[in-house]
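Read the structure below first, then the notes.
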Amino acid sequence: MAHLIAATSPLSASSLFNRRAAHWGKMFKCSSLDKFRANSSLFFVRSGSRSGQLRVVNSASVGNVEVAQEEVAKPSYPWPDNKRPRVCILGGGFGGLYTALRLDSLTWPDDKKPQVILVDQSERFVFKPMLYELLTGEVDAWEIAPRFSDLLVNTGVQFIKDKVKVLSPCDHVGMNGGPTVSGCGGTVQLESGLVIEYDWLVLSLGAEPKLDIIPGAVEFALPFSTLDDALKVNDKLTKLERENFGKADPIRVVVVGLGYSGVELAATVSERLEGKGVVQAISVDSSILPTAPPGNKEAALKVLNSRNVQLLLGYYVRRIGKAGDFASPLEQSDIAATVKDPEQLIVEVQPTEKGAKTQLLEADLVLWTVGNKPLLPALEPNGWPFELPVTGRGQTETDETLQVKGHPRIFAVGDSSALRDPKGKVLPATAQVAFQQADFAGWNIWAAINNRPLLPFRFQNLGEMMVLGRYDAAITPSFIEGLTLEGPIGHAARKLAYLIRLPTDEHRVKVGLSWLAKSAVESVATVQSNITKVLSDS
């Protein structure tokens, strides 16, 4: 395939041609630029246009006729300094943003401080563990989803809002066992057409909900993973509350999955509906939070039971659809008498126990929290040795320094990384893991640029936290065995811990003052309410 080069003048075009030709010469084991020119099937023709662009032509033989295929050159990102290292970070979640901030905070020799670009398809960083608080009105969107431009204003990190299209690495380990690294580590092509040439790359593209595993989930279920997802869920709940105001029929919400996300959603939504609705939560496991510490599990069960959340344990979803699509099974179900609207959402669930009958659940809103699919860019070329090693789950395999195996110029963190702990178990794709990996990825890029030894990543489990309502949460720290903070104390401790972990000092101060002001207003309102109640009773 032809690789494209863009230039704005004859001089820069020549320079770019020589650099790219040298790169491909190295990749294909050509010992010199002249040898590459002689052997390559790629040749470059200077455009006759006034812009001085290059046309890249890929010659191919069809029978006895040589056919030239011309492609339009794509614009390249203009790095300000051609001498300093270039670091491209794909994805602005916990792993990507915090790696960029770590790189900017380190002390560098003057000629080695890297130029850093952060690429994300959204203009905002999202502090995902606190998305649930948007549903209760406890936080505002700007507090947990600040713009990258605001977070990076006092740093040297540049932000580009775009989507990654193609990754073309050229740092693969060759057949002789040594790294084949040219003057750059590879290129990234964005959806806009912009091409970024990099020396070091960080993969931190996160994951997206996997809804296509169940018929009807894509069309009728709402995920809860991004800011847009949370806003859609909030808007839908608000609409349902308005439509059902004064009516006897409850709002019916079905939550699929009872891991941390499902339990937090079920607890938050059930609190918000306050008796105006029914929340049903489904899990294929025989218990909620199968991997959680006992303290967190017990606290969650207590809250869910107190809010009358109906738990369907040992069930899995077969399909989701409208009542009109369930005509035959609906007639034989327990809800046949209550379902009048053919547009009513129906969730069909099957017990894991053999021989048990399926059940049909009415739903006004279906929330999906099961399954994620890691996001990785398409590769070009896409064969060995350019390909990245990927697990069955779709994560890149990394060594203990977070370098992608076989690619010494590429690091992977967060959902993009499949790193095993000393016991051979893949680390969970959590914010805590990504947060810690970012620190090591930033340091190891510093070490690689300065020819220092890289550090092996060691995950330190600090404990697990979950929100269970506006003034309720559970925290089980790992450093105090058997301790679980619940209720308002757990809620305050969790909120303080997340305030400390917000990306920058400036944002922490703004959010801290905002939360303090809200607490003061709520306290005054509570006092006024109590005084009014006392006076009315007297």
Aromatic ring proximity Trp79/Tyr77, centre distance under 6.0 Å: yes
Option passing side-chain contact (heavy atoms from CB on, under 4.5 Å) with Val139 (candidates Leu134, Leu131, Val511): Leu134
More than 12 heavy atoms from other groups under 6.0 Å of NZ on Lys232: no
Side-chain touch Ser261/Val263, heavy atoms, less than 4.5 angstrom: no
With Asp199, the salt bridge (charged side-chain N to carboxylate O under 4.0 Å, His left out) member among Lys83, Arg84, Arg86: Arg86
Note, Val269 side chain near Leu367 side chain (heavy atom, < 4.5 Å): yes
Arg420/Glu400 ion pair, N-O < 4.0 Å: no
Spatial distance of atom CD (Gln403) from atom OG1 (Thr396) [nearest 0.5 Å]: 12.0 Å
Of Tyr132, Tyr498, Trp142, the residue whose pairing with Phe127 passes ring-ring contact (aromatic ring centres under 6.0 Å, His included): Tyr498
Phe148: ring pair (Phe, Tyr, Trp, His ring centres under 6.0 Å) partners, not counting sequence neighbours: Phe159
Heavy-atom side-chain contact between Arg124 and Leu227 under 4.5 Å: yes
Please report, to 0.1 Å, the donor-acceptor pairs under 3.5 Å made by any side chain of residues 97-104, with sequence neighbours excluded.
| residue | atom | partner | partner atom | Å |
| --- | --- | --- | --- | --- |
| Tyr98 | OH | Arg501 | O | 2.5 |
| Thr99 | OG1 | Gly95 | O | 2.6 |
| Arg102 | NE | Asp439 | OD1 | 2.8 |
| Asp104 | OD1 | Gly156 | N | 3.0 |

